Amino acid sequence: DAKTTQPNSMESNEEEPVHLPCNHSTISGTDYIHWYRQLPSQGPEYVIHGLTSNVNNRMASLAIAEDRKSSTLILHRATLRDAAVYYCILGLTSGTYKYIFGTGTRLKVLA
Amino acid sequence: EAQVTQNPRYLITVTGKKLTVTCSQNMNHEYMSWYRQDPGLGLRQIYYSMNVEVTDKGDVPEGYKVSRKEKRNFPLILESPSPNQTSLYFCASSSTLRDRGNSPLHFGNGTRLTVT
């Protein structure tokens, strides 16, 4: 079964870049890679997603390995408001219509 | 404002007393889904719906029911709640106009349910 694996927690200093890794070695060739973040007392919030190529938006960048078995979410300059749990998720394209959630990485940003 | 609205935010009930958690979205999304979030287990899918009158089981459907009579609403029903259903519940929706798996999910702010 498809699954994602992330470190439980990471720390970063404010205004420094953060690289959040995700392993998804069981990904199929057409599944999409999504990243969401969850702030305290809120629902997960969409950050970015992609299929094969690296993706950029105003929130972050997504770097996808050439073999697609791993990806990295890049926050270019961490702020205190980026402290959250970050989830790497697979959007399946076959079988049951579902998104596979990992257990997430809790990011702590130090002032 | 585009949003997914869940009610109530907090609910305390007793074992066996039927309850409904409502979910409504204003984005005309076809796909809607319910998840429960438990410490150490992440988010697990309970049920999902591809469109009106089309629902299917997720990974943990036991003890739950859903209905999709209108496109915007997708209530979660617990006919006889038990303490092991104490959890944080999230409703989500997305468009299916793009390829499967290619649309962002929009989440509600959650319902914290306690069953005593």
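FYI, side chains are in, hydrogens and waters are out, and symmetry mates aren't considered; it's all heavy atoms of this structure. All values derive from a computational prediction rather than experimental measurement. Per chain, numbering begins at 1; letters A, B, ... match sequence-line order.
For the set A/Gly43, A/Gly91, A/Gly104, A/Pro44, the count of heavy-atom pairs under 4.5 angstrom toward chain B peaks at A/Pro44. For the set B/Gln6, B/Arg9, B/Met50, B/Arg44, the entry with the most heavy-atom pairs within less than 4.5 Å of chain A is B/Met50. For the set A/Phe101, A/Tyr32, A/Tyr46, the count of heavy-atom pairs under 4.5 angstrom toward chain B peaks at A/Tyr32.
Contact of B/Asp56 with chain A is not made at all, since no heavy-atom distance falls under 4.5 Å. Within the 4.5 angstrom heavy-atom criterion, only side-chain atoms of B/Gln37, from C-beta onward, approach chain A. Neither the backbone nor the side chain of B/Arg112 comes within less than 4.5 Å of any heavy atom of chain A.
Counting only N and O atoms by type, the side chains of A/Ser70 and A/Asn23 include no donor and acceptor under 3.5 Å apart.
Judged by distance alone, with hydrogens and angles left aside, the side-chain atoms of A/Tyr36 form a donor-acceptor pair with the main-chain N or O of B/Leu105 at under 3.5 Å. In this structure, B/Ser103 contributes its side chain and B/Ser95 its backbone to a donor-acceptor pair below 3.5 Å. Between the side chain of B/Trp34 and the backbone N or O of B/Phe74 there is at least one donor-acceptor pair closer than 3.5 Å.
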Please determine whether side-chain contact (heavy atoms from CB on, under 4.5 Å) holds for the pair B/His106 and B/Gln3, giving the CA-CA distance in whole Å, both sets of side-chain angles, and the decisive distance to 0.1 Å.
CA-CA 7 Å; B/His106 298 255; B/Gln3 59 185 358; over 6 Å; no

